[in-house]
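Have a look at the structure below before the remarks.
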2 protein chains.
Amino acid sequence: MIKRAKGVTISQVADAAGVARSSVSRAFTRPEMLLPETVERIMKAAEALGYVPNHTARALSTGRHGNIGLIVPDIANPFFPPLIQAAQLEADRSEFCIFLGNTGESPKQEDKLVGRFAGQVEGLVLASSRLSEERIRAHAAQLPLVLINRDIEGIPRVLIDSGPGVREAVDHLARLGHRKIAYVSGPANSWSNNQRRNAIRSAAAPAGIEVEIVAAALPSYESGRNVVKAILSTGATAAVAFDDVTAHGVLAGLSENKVSVPRDFSLIGCDDVLGAVTYPALTSVSNRSVEAGRVAVSLLLDMLRAHAMRDERCVLETNLVVRSTTAEVD
Amino acid sequence: MIKRAKGVTISQVADAAGVARSSVSRAFTRPEMLLPETVERIMKAAEALGYVPNHTARALSTGRHGNIGLIVPDIANPFFPPLIQAAQLEADRSEFCIFLGNTGESPKQEDKLVGRFAGQVEGLVLASSRLSEERIRAHAAQLPLVLINRDIEGIPRVLIDSGPGVREAVDHLARLGHRKIAYVSGPANSWSNNQRRNAIRSAAAPAGIEVEIVAAALPSYESGRNVVKAILSTGATAAVAFDDVTAHGVLAGLSENKVSVPRDFSLIGCDDVLGAVTYPALTSVSNRSVEAGRVAVSLLLDMLRAHAMRDERCVLETNLVVRSTTAEVD
DNA sequence: GCTTGACATGCAACCGGTTGCATGGAATTC
DNA sequence: GAATTCCATGCAACCGGTTGCATGTCAAGC
């Protein structure tokens with residue numbers, strides 16, 4: 001049982017330095033208001049006592065705690081770590097800290113987290129939110145909010161537009177001679193999923209390609225593997241998967257079913273997070289998650305500085321990265 | 001420019017309900033102290049005004065903000081996401097929130113983060129800390145701290161003991177006929193790295209195996225790939241890598257050098273985070289990261305409840321998971 | 001019928017800072 | 001030498017809750 005010493009306050013420093021509390025406060029926040037020698041005396045006393053400003057107390061009176069929240073559906077999904085890192089880096093540049101929340105793809109948990117964060121952050125970034133538009137609007141009325149991959153008018157948002165990349169993917173498959181392809185879909189309430197599905201459909205028709213939708217329960221390796229039989233039973237000769245993780249699972253499932261990629265079947269992922277690390281190396285639609293994280297945070301910080309909400313809509317385009325899982329149909 | 005309404009306080013609710021501020025406070029924190037009808041009246045008023053308790057203010061007077069910090073060296077390393085999720089789940093069970101920090105393997109950044117978090121969390125979990133023992137002790141004197149994979153006496157810690165698994169790995173290689181193996185090391189200031197290196201050395205001698213240490217700059221795919229030439233030049237017929245990510249890079253590098261695994265070379269990873277998703281499927285030493293995250297948080301919460309620091313040392317053992325990257329030497 | 005006690009509520013101090021305004025001494029001006 | 005200005009510092013209120021203690025009310029006990 002070791003007791004903790006903690007709790008050196010501004011008052012103790014003030015006593016030690018022989019000044020008023022306000023002077024100690026100013027020594028830390030606006031030293032140019034004080035005589036240099038006074039500042040030095042105060043700093044010396046603070047040092048000696050081991051004083052550390054109390055963030056909570058400061059936040060209470062100023063209303064600014066210097067934190068922003070970032071909520072993602074699944075940290076373990078390789079799409080997010082780079083986004084998170086970029087967000088953190090950008091926040092760091094303005095001396096902000098990031099509160100990270102993980103919802104496990106559950107809207108209920110997401111709602112709870114937002115409420116919990118609301119009191120302790122100045123603003124929030126919701127990445128790939130699974131909440132209803134109504135709930136998002138409700139939260140946006142409470143505190144500054146920036147969305148990633150959710151397109152809700154009136155709320156600042158950063159969108160990774162898979163359209164160009166997906167269209168390239170379909171054209172690429174068409175050129176290789178594929179006539180029937182499958183789209184392995186992602187979460188039903190995912191904006192990206194809808195966007196990709198629609199882009200594939202609208203690109204397929206003019207290219208003379210037929211599309212079958214095959215639903216994967218979750219964007220995960222396992223889900224991808226489990227859905228392979230369904231894909232093969234459609235008679236498609238190629239597939240585009242909602243994301244790379246799902247595609248990776250499909251790849252494994254195909255191999256288990258003795259279907260050789262790319263000889264017997266072509267496969268394209270989305271997000272390009274696995275890239276060269278699968279075998280064969282996965283052809284994929286690039287993602288812009290690093291930019292998305294950076295831009296979202298930068299947008300949020302701008303809003304905080306301006307004390308106003310903007311209706312910004314920032315679109316990041318994508319393209320196809322061809323590797324080794326696509327080939328001409330026999 | 002949309003203005004924000006926020007700021008319904010306890011006083012406004014008190015006025016609306018015709019009671020004192022303290023009664024409003026009690027209605028929310030200890031309703032059993034008040035008449036049920038009073039509570040109801042207050043709640044109704046609060047509801048009508050859209051009152052939400054201010055977390056910061058509460059934290060200031062009670063000293064408890066209900067969050068704990070978790071600091072990791074690299075979110076993008078697949079070792080950590082499961083640990084993070086498990087930690088979050090455990091914290092959630094006690095209505096605690098997790099503040100996540102990412103240091104990018106930099107001790108300086110880690111130090112900064114700890115300082116930054118210190119003011120807003122009740123306790124901290126440091127996973128695979130790259131800080132010096134001295135700095136860790138200094139921080140531990142300031143607030144409750146639990147370590148994962150750092151063995152510092154007097155500070156509660158959860159250790160994933162790779163020893164048993166690594167010894168199994170060496171024996172496994174010995175049985176397959178390997179006589180010279182390489183250890184691809186990880187970060188120099190990593191406790192796990194030291195532990196694994198030592199375990200390999202001490203297991204190798206009695207098994208009649210010679211060990212060469214090959215240093216990888218960072219535990220990353222790229223580092224692993226870059227170090228392949230150095231591995232091959234040692235003349236070893238097998239390697240154990242610091243972690244799976246490094247091993248994955250080594251696997252890619254070997255393939256580029258036309259070295260077939262496991263026919264020409266055997267490879268074993270650590271942490272078992274990639275498992276079946278590499279090709280060939282990676283033989284690896286299991287990790288216990290989920291338990292580590294859960295236990296660390298649970299330990300921390302116990303400390304907070306007990307208002308005391310315990311010198312707990314919790315060791316989680318590992319074992320070898322044999323897959324397809326190891327085979328008999330020619 | 002008066003004391004006692006239980007209990008619901010209010011009062012006011014406190015958590016640890018920040019900040020607008022007052023103050024007083026030194027420097028500047030006439 | 002008196003009036004003015006400037007500026008470093010102190011005072012006190014405030015941020016939004018929590019909590020120990022005081023108060024007032026009402027029912028039970030003698």
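Chain identifiers are assigned alphabetically (A, B, ...) following the order of the sequence lines, protein sequences preceding nucleic acid strands; residue numbering begins at 1 within each chain. Fair warning: this is a prediction, and the values are worked out from it, not measured in the lab.
For Arg26(A) and dG17(C), a side-chain-to-base donor-acceptor distance below 3.5 Å is absent, hydrogens and geometry of angles not being considered. No hydrogens or angles were tested; on distance alone, nothing pairs the side chain of Arg21(A) with the base of dG16(C) as donor and acceptor under 3.5 Å.
The distance from atom CZ of Arg58(B) to atom P of dG17(C) is 21 Å, rounded to the nearest whole Å. dT18(D) atom P lies 12 Å from atom CD1 of Ile42(B), rounded to whole Å. The interatomic distance linking Ile10(B) (CD1) with dG16(D) (P) rounds to 11 Å, in whole Å. Residue Leu49(A) contributes atom CG, which lies 12 Å from atom P of dG17(C) at whole-angstrom precision. As a whole-Å value, the separation of Met33(B) CE from dC11(C) C1' is 14 Å. Protein atom NE2 of His55(A) is 14 Å distant from nucleotide atom C1' of dT18(C), rounded to whole Å. Rounded to an integer number of Å, the gap from Gln12(A) CD to dC15(C) P is 10 Å. Atom CD in Gln120(A) sits about 15 Å away from atom C1' in dG17(D), given to the nearest Å.
Residue Val19(B) is classed as a sugar-phosphate contact, given heavy-atom separations below 4.0 Å to backbone atoms only. Ser11(B) comes within contact range of no nucleotide atom at all, as no heavy-atom separation falls under 4.0 Å. Within 4.0 Å (heavy atoms only), Leu60(A) reaches at least one base atom of the nucleic acid. Within the nucleic acid shown, Phe28(A) has no heavy atom closer than 4.0 Å to any nucleic acid atom. At the heavy-atom level, Ser22(A) lies under 4.0 Å from base atoms of the strands shown. Using a 4.0 Å heavy-atom criterion, one finds that Thr56(B) contacts no nucleic acid atom at all.
Between Asp111(A) and Lys108(A), none of the side-chain N atoms (NZ, or NE/NH1/NH2) sits under 4.0 Å from a carboxylate O, so this pair counts as no salt bridge. Salt-bridge formation is not detected for the pair Glu110(B)/Arg130(B): no Lys NZ or Arg NE/NH1/NH2 atom is positioned less than 4.0 Å from an Asp or Glu carboxylate oxygen. We find that Arg157(A) and Asp311(A) are joined by a salt bridge, their nearest charged nitrogen and carboxylate oxygen being less than 4.0 Å apart. Taking 4.0 Å as the cut-off between side-chain N and carboxylate O, Asp15(B) and Arg21(B) do not count as a salt-bridged pair.
Looking at heavy atoms from C-beta onward, Val295(A) lies out of side-chain contact with Arg288(A) at the 4.5 angstrom threshold.
At the phosphate of dT18(D), OP1 or OP2 sits under 4.0 Å from a side-chain N or O atom of Ser25(B). Applying the 4.0 Å criterion to OP1 and OP2 of dT19(D), one finds that Arg30(B) has a side-chain N or O inside that range.
Comparing Thr38(B) and Ala57(B) by the nucleotide of DNA chain C that holds the closest heavy atom to each, the one mapping nearer the 5' end is Thr38(B). Closest-nucleotide positions on DNA chain C for Glu32(B) and Thr62(B) were compared, and the one nearer the 5' end corresponds to Glu32(B).
The line from CZ of Arg294(A) to CZ of Arg93(A) is 8.0 Å long, rounded to the nearest 0.5 Å.
The side chain of Ser61(B) approaches dC15(C) more closely than any other nucleotide in the set dC15(C), dT19(D), dG16(C). Comparing atom distances between the Ser23(A) side chain and each of dT9(C), dG17(C), dT9(D) picks out dT9(D) as nearest.
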